[in-house]
Amino acid sequence: MRHPARTKVIATFSRKERANAVAKAVALLKEGEIIALPTETVYGLAADALNPIAVAKIFEAKERPHFDPLIVHVPDEAWLKKIAKLGEADRQIVSKLVRKFWPGPLTIILPKRNIVPDIVTAGLDTVATRISAHPVFAEIVRAFGKPLAAPSANRFGRISPTTARHVFNELDGRIPLIIDGGPTEHGIESTIVAIRDNGIEILRRGPITAEKLRRIRFQLVSARKAADVTIVRAPGQLPSHYAPRTPLRLTDDAATFSPEPDQRIGLLAWKPESGSFQTPGDNTWWPGDRRSLKFAAVRILSERQDLREAATNLFRYLRELDELDLNLIIAERVPSQGLGAAIMDRLQRAAYPSSDAPGMPE
Ligand code: TXA
Ligand code: MG
């Protein structure tokens with residue numbers, strides 16, 4: 001694998017920059033190279049999904065300790081039938097999902113066709129697939145004319161990148177090119193669903209929430225019991241997946257948290273007021289001041305307590321706090337409805353191992 005001394009970052013803000021970025025990206029993909037691209041969820045590390053050698057470079061750059069199945073991003077709906085088999089029963093559900101949510105942050109697991117190399121699906125007989133709504137990603141995958149395998153562009157076990165800078169920090173020197181499309185829209189990874197028993201099972205929570213799916217009359221089936229599970233529940237489902245290096249603990253209310261002396265603690269707050277603590281008689285504090293006497297650093301997920309904004313900020317703030325050499329990060333729980341459930345899912349994994357974390361998968 002080529003290890004360029006320094007990874008190039010190209011912007012896509014002007015029309016000219018974008019045309020140049022698309023041309024460079026497509027040329028590298030055709031050579032079997034891997035490049036980082038923006039999607040509407042998080043940045044992805046993309047390779048020609050039908051070229052096993054190119055796909056292997058993804059695992060190498062990410063340092064994934066084993067081969068885990070990747071999401072295949074197709075250029076258009078016609079490609080869906082080329083990579084996946086649609087049984088009669090699934091067809092209706094799939095076409096409704098596709099109509100409602102594609103292009104967009106929804107990944108569908110389907111039985112795979114032989115054209116998809118085993119390394120992409122880690123030997124599974126199913127393939128995860130979606131069409132990204134990001135205009136730059138869409139332009140590149142269409143110009144390339146074939147599906148792209150793309151996991152999140154972070155090293156194994158780390159937080160998914162939501163800006164080109166995050167990708168650079170993780171993968172500089174390991175990949176030739178990063179296409180900068182600005183901060184991503186959703187900030188968390190796509191919702192993953194499988195089709196089963198005439199309904200859909202949510203395998204990973206994300207921007208397309210359970211509530212949204214129910215509202216348009218999809219029947220949600222609950223997770224399989226251990227005895228039925230024959231497939232891996234891979235990285236996104238590992239309990240400690242979205243981990244900052246700094247230990248992280250969850251709390252309902254940061255106001256009730258008392259730090260030990262000499263500890264530098266960061267706060268990821270849901271309640272806007274949690275960041276600004278004042279001790280009585282402290283006249284150096286003024287309204288709107290975000291200094292906190294209890295916390296060495298504070299990030300408020302959303303001043304307006306808007307879950308969508310919170311999702312967009314989540315990984316960026318975790319990353320920023322992680323860079324401050326803190327002893328501990330305290331994260332306030334967010335309401336677990338709608339997008340909040342997806343945010344809590346990531347926070348619980350970031351908190352692992354702690355009593356808040358989900359158990360090991362079967
Ligand atoms: O938003 C996203 O989905 C981003 C952007 C780049 O598209 N991609 C992403 O990929 O999050 P990755 O590889 O970080 O997460 C993909 C998840 C993994 O947890 C993997 O185990 C699961 O999808 N997965 C992939 N193929 C699967 C399959 N055939 N069956 C079950 N799970 C699968
Ligand atoms: Mg990932």
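Counting starts at 1 for both ligands and their atoms, following the listed order. Scope of the values below: all heavy atoms of this structure, side chains included, with no hydrogens, waters or symmetry mates.
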Within a distance under 4.0 Å of any heavy atom of [X], pick out the atoms of ligand 1 and give their elements.
X: E189; result: 1 (O), 2 (C), 11 (O)
X: I71; result: 3 (O), 8 (N), 9 (C), 10 (O), 16 (C)
X: I192; result: 17 (C), 22 (C), 23 (O)
X: A128; result: 25 (C), 26 (N), 27 (C)
X: T126; result: 28 (C), 29 (N), 30 (N)

Return yes or no for this condition: an N or O of [X] is under 3.5 Å from an N or O of ligand 1.
X: T41; result: yes
X: R204; result: yes
X: K62; result: no
X: H73; result: yes
X: T107; result: no

Once you restrict to heavy atoms under 4.0 Å, what part of L124 touches ligand 1? Side chain, backbone, both or neither.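 Looking at L124 and ligand 1, just side chain atoms fall under 4.0 Å.
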Whether S152 has an N, O or S atom under 2.8 Å from the Mg ion (ligand 2):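 Within the cut-off used here (under 2.8 Å), S152 does place an N, O or S atom near the Mg ion (ligand 2).
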Per the side chain to side chain donor-acceptor pair (under 3.5 Å) rule, what does the pair list look like for residues 80-90, sequence neighbours excluded?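 Passing the test, one end in residues 80-90: no pairs.
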Please, which pairs that meet side chain to side chain donor-acceptor pair (under 3.5 Å) have at least one residue in residues 100-118, sequence neighbours excluded?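 Listed by first then second residue: T107-S190.
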Please determine whether salt bridge (Lys or Arg N to Asp or Glu O under 4.0 Å) holds for the pair D322 and R158, giving the CA-CA distance in whole Å, both sets of side-chain angles, and the decisive distance to 0.1 Å. CA-CA 11 Å; D322 202 22; R158 303 268 297 126; 3.6 Å; yes
With rounding to the nearest 0.5 angstrom, report the CD1 to CG distance, I188 to D345.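 Rounded to the nearest 0.5 Å, the CD1-CG separation comes out at 8.5 Å.
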Would you say the side chains of T39 and R130 form a donor-acceptor pair under 3.5 Å?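 Side chains of T39 and R130: pair found under 3.5 Å.
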Consider ligand 1: state whether an atom of it lies below 4.0 angstrom from any non-hydrogen atom of D68.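 No, that is not the case, since the closest heavy atom of the residue is not under 4.0 Å from the ligand.
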Are R130 and ligand 1 in contact, using a heavy-atom cut-off of under 4.0 Å?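 In this structure, R130 qualifies as a contact of ligand 1 - some heavy atom is under 4.0 Å.
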Using every non-hydrogen atom in the two residues, find where A46 and L29 come nearest and quote the distance to one decimal.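 Taking every non-hydrogen atom into account, O-CD2, 3.8 Å.
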Shortest reach to atom 32 (N) of ligand 1 by a heavy atom, considering only T184, I109, I188, V42: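 Of the listed residues, I109 has the closest heavy atom.
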Run down the list S152, P69, S160 and name the one with the heavy atom closest to atom 14 (O) of ligand 1.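 Of the listed residues, S152 has the closest heavy atom.
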Which label fits F101 and F218: parallel for a plane angle under 30°, tilted from 30 to 60°, or perpendicular past 60°?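 It falls in the tilted class, 30° to 60°.
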Testing R18, K16, K24 for side-chain hydrogen bond (donor to acceptor under 3.5 Å, both in side chains) with N20, which one passes?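 Going through the options one by one, the only one that passes is K24.
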Using the rule given for side-chain hydrogen bond (donor to acceptor under 3.5 Å, both in side chains), can you reason through E189 versus T41, listing the C-alpha separation, both sets of side-chain angles and the distance that settles it, and then say yes or no? CA-CA 5 Å; E189 306 86 345; T41 55; over 6 Å; no
Presence of salt bridge, D325 and R264, under 4.0 angstrom: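 Salt bridge: no.
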